[in-house]
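Computed from a predicted model, the values in this text were never measured in an experiment.
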Amino acid sequence: MSAVTHDEWLRRAKAFEPPRAHHIDGIEEAGGGAAFSVVSPRDGQVLTEAADAGTAEVDAAVAAARRAFDSGPWPRLAPADRGRVLLRIADLLQERRAELALAVTLEMGKPITDAHDIELRALINTFRWYGQLADKLTDESPHTAPDALALVTREPAGVVGAVVPWNFPLTLAGWKVAPALAAGCTVVLKPSENSPLSALLLVRIATEAGLPPGALNVVNGDGPVAGRALGLHPDVDVLAFTGSTAVGRHFLRYSADSNLKRVWLELGGKSPNIVLPDAPDLAKAAATAAWGIFFNQGEMCTAPSRLLVHSSIAEEVTEAVVARARELRVGDPLDPATEMGALVGEAHLGRVLDHVRRGADDGARLRTGGERTLTETGGVYLQPTVFDRVGRGSRLAREEIFGPVLSVLPFDGIDEAVELANATEYGLAAGLWTSDLSTAHRVSRALKAGTVWVNCYEEGDLTVPFGGMKQSGNGRDKSVHALEKYTELKTTWIQL
């Protein structure tokens, strides 16, 4: 990020004019007049009163997307032309990068450096990658009998409902919107009620880039009303959701109760991070473990919240993680020097603190943190927290906390580590630290997780898919495989 100072970000924050209206059929509309407060977790101040979607607004957005798909230009453009619009969106996102980063920081508490350098980089790269991919896909013509011609075509699935959370409001929106648009679908996006501002800016920019009316619509609102209306809507063909496992179950029920729409789910995680004695660099393993759990305030479905360490090195690694936690700079997310910002809201902080209290009650040892901090700011801040002596069947070891809380569990052998790692209902991600290639291959194959990082964590790019196993969901974001969610295979057999 360019050298923008804390004072300059504060000045920009004061001048920031948050969007508040739904974006339906290319027009910003306030809807029926209902509104909800968007509160910044950095200082507890209300940013704006955002329009609150009821069933009528969701119906209008879906109707716009349906018209755009059934008779509008977007699905009928040549793939290369769709790609050019996505590339133009990427260019405008780059031009407006600072404004978008500011919106993310203000609405959900992410440090501005991370919002600008990581979140916006991911969003821009996503639109650029799918823009470049749009005209690179080919249909199939299988070899058949001489008197027949068989065609297998991949066609856009229709209207996509995308429901995304607040922790990476633009990254996760981009992972769904960009491939859906590249495939020729139209989209109704519902951001979290905690983070609607960045999504509203995104659709403004997409419209400026030439995306036709109805191709991308955004409605604000909460899950029980707006999310439910999308899930039950008979004109939504595909529903893509990132969020909790509990809410994912609701979307499956909505599908069963409506039109059997395809539902793609990226859900929770309780990811293990296994450190073996032959790790190539124990200091790096410990530093990465600390970064992984405290990055984004621990509000990550892939956060390595279970540190599984061989008993011979457990105390050495734990001490290094604790030392890093104690020196981590928690502060105003608008300060470029801040390393950990604010949790998204008071209710979420309460849930995380409840996990901390229950962990202590279950007999785990609190090594550092566990207390609210910076209360004088009016914001929602928590100290980086580390527990050891965590019972294998305890809630700290089993339940997703979605905050900066690490549980350390020792093991004595590789098979025990794999068994412990897999002893969860989730299967989103895992980490492994070893110098032995055979061990890396054998253990990574044994881990029930959609992604396994070896001697690193949270690495990758858009060429590789992302998604989970077990109760962490189905389907994949990123890569060419994401297009499988937004397309239908059609077989045409022509008898010659």
Side-chain angles (χ1 to χ4, degrees), residues 109-111 113-115 117-119 121-122 167-168 171-172 266 268-276 279-310 313-314 316-330 338-341 343 352 355 367-369 382-388 390 396-397 399-410 417 420-421 424 426-434 440 443-444 447 449-461 464 466 468 472:
K110 189 190 302 285
T113 301
D114 293 344
D117 292 359
I118 298 176
E119 176 113 15
R121 179 186 63 199
N167 59 324
F168 285 89
T171 298
L172 297 177
E266 193 268 284
K270 190 69 177 176
S271 300
N273 188 20
I274 303 169
V275 183
L276 297 175
D281 186 336
L282 280 182
K284 181 181 178 182
T288 304
W291 173 84
I293 187 59
F294 302 132
F295 170 64
N296 209 51
Q297 301 72 250
E299 296 165 328
M300 294 173 51
C301 50
T302 56
S305 55
R306 292 184 297 148
L307 180 58
L308 313 184
V309 192
H310 192 275
I313 56 171
E316 177 186 353
V317 172
T318 303
E319 282 285 357
V321 173
V322 168
R324 177 63 185 132
R326 288 173 176 164
E327 69 183 16
L328 203 67
R329 181 167 179 172
V330 181
T338 290
E339 295 174 284
M340 198 174 94
L343 273 68
V352 175
H355 278 287
R367 293 292 296 265
T368 191
L382 180 67
Q383 296 170 341
T385 302
V386 178
F387 281 97
D388 66 0
V390 175
L396 278 180
E399 298 179 5
E400 184 179 37
I401 298 174
F402 219 66
V405 180
L406 179 66
S407 299
V408 182
L409 296 92
L420 185 57
T424 172
Y426 299 111
L428 189 57
L432 173 65
W433 296 80
T434 179
V443 173
S444 64
L447 293 172
T451 299
V452 179
W453 287 289
V454 179
N455 297 330
C456 62
Y457 208 89
E458 291 290 353
E459 297 292 340
D461 58 28
V464 294
F466 175 79
S472 287

remark   = What one should report as the nearest heavy-atom pair of E299 and F168 is O-CE1, 4.3 Å
key: Main-chain N/O of T434 paired to N455 side chain as donor or acceptor, under 3.5 Å   = yes
Ignoring hydrogens and angles, write down the donor-acceptor pairs under 3.5 Å from the side chains of residues 400-409, residues two or more places apart or on other chains.
unit_1	atom_1	unit_2	atom_2	d
E400	OE2	G269	N	3.1
S407	OG	L396	O	3.4

key: Shortest non-hydrogen contact from S444 toward L432   = N-CD2, 4.4 Å
task = Apply side-chain contact (heavy atoms from CB on, under 4.5 Å) to the pair Q297 and V330, showing each step before the final yes or no.
result = CA-CA 9 Å; Q297 301 72 250; V330 181; over 6 Å; no
task = May I ask you to decide if R329's main-chain N or O and E339's side chain share a donor-acceptor pair within less than 3.5 Å?
result = yes
key: Sequence-distant partners of D388, salt bridge (charged side-chain N to carboxylate O under 4.0 Å, His left out), two or more places apart   = R365, R367
task = Quick one: list whatever passes salt bridge (charged side-chain N to carboxylate O under 4.0 Å, His left out) with E458, sequence neighbours left out.
result = none
inquiry  = Closer than 3.5 angstrom, by distance alone: can the side chain of T368 be matched with the main-chain N or O of T385 as a donor-acceptor pair?
reply    = no
ask   = salt bridge (charged side-chain N to carboxylate O under 4.0 Å, His left out) with E119: which residues, sequence neighbours excluded?
value = K110
inquiry  = With no hydrogens and no angle check, just 3.5 Å: does a side-chain donor-acceptor pair link W433 and D281?
reply    = no
query = Nearest heavy-atom pair of L308 and P272: which atoms, and what distance?
reply = CD1-CB, 3.8 Å
request  = Measure the spacing between OG of S305 and CE of M300 and express it to the nearest 0.5 Å.
outcome  = 10.5 Å
query = If you look at every heavy atom in A314 and V309, which pair is closest and at what distance?
reply = CA-CG1, 3.6 Å
task = Check P384 against F294 and note the closest heavy-atom contact, atom names and distance.
result = CB-CE2, 3.5 Å
request  = Work out which heavy atom in A303 is nearest to a heavy atom in I293; give both atom names and the distance.
outcome  = CB-CD1, 4.0 Å
request  = Hey, could you give me each pair passing side-chain hydrogen bond (donor to acceptor under 3.5 Å, both in side chains) that has a residue in residues 283-293? Not counting sequence neighbours.
outcome  = none
remark   = The ring pair (Phe, Tyr, Trp, His ring centres under 6.0 Å) partners of H310 (sequence neighbours excluded) come to F411
task = Let me see the working for V275 and I313 under side-chain contact (heavy atoms from CB on, under 4.5 Å), right down to the final yes or no.
result = CA-CA 9 Å; V275 183; I313 56 171; 3.9 Å; yes
task = Give a yes or no on whether the backbone of N296 and the side-chain of N167 come within a donor-acceptor separation of less than 3.5 Å.
result = no
key: Flag side-chain contact, heavy atom, 4.5 Å: L276 against V443   = no
request  = Would you confirm whether S271, through its side chain, and A429, through its main-chain N or O, come within 3.5 Å as a donor-acceptor pair?
outcome  = yes
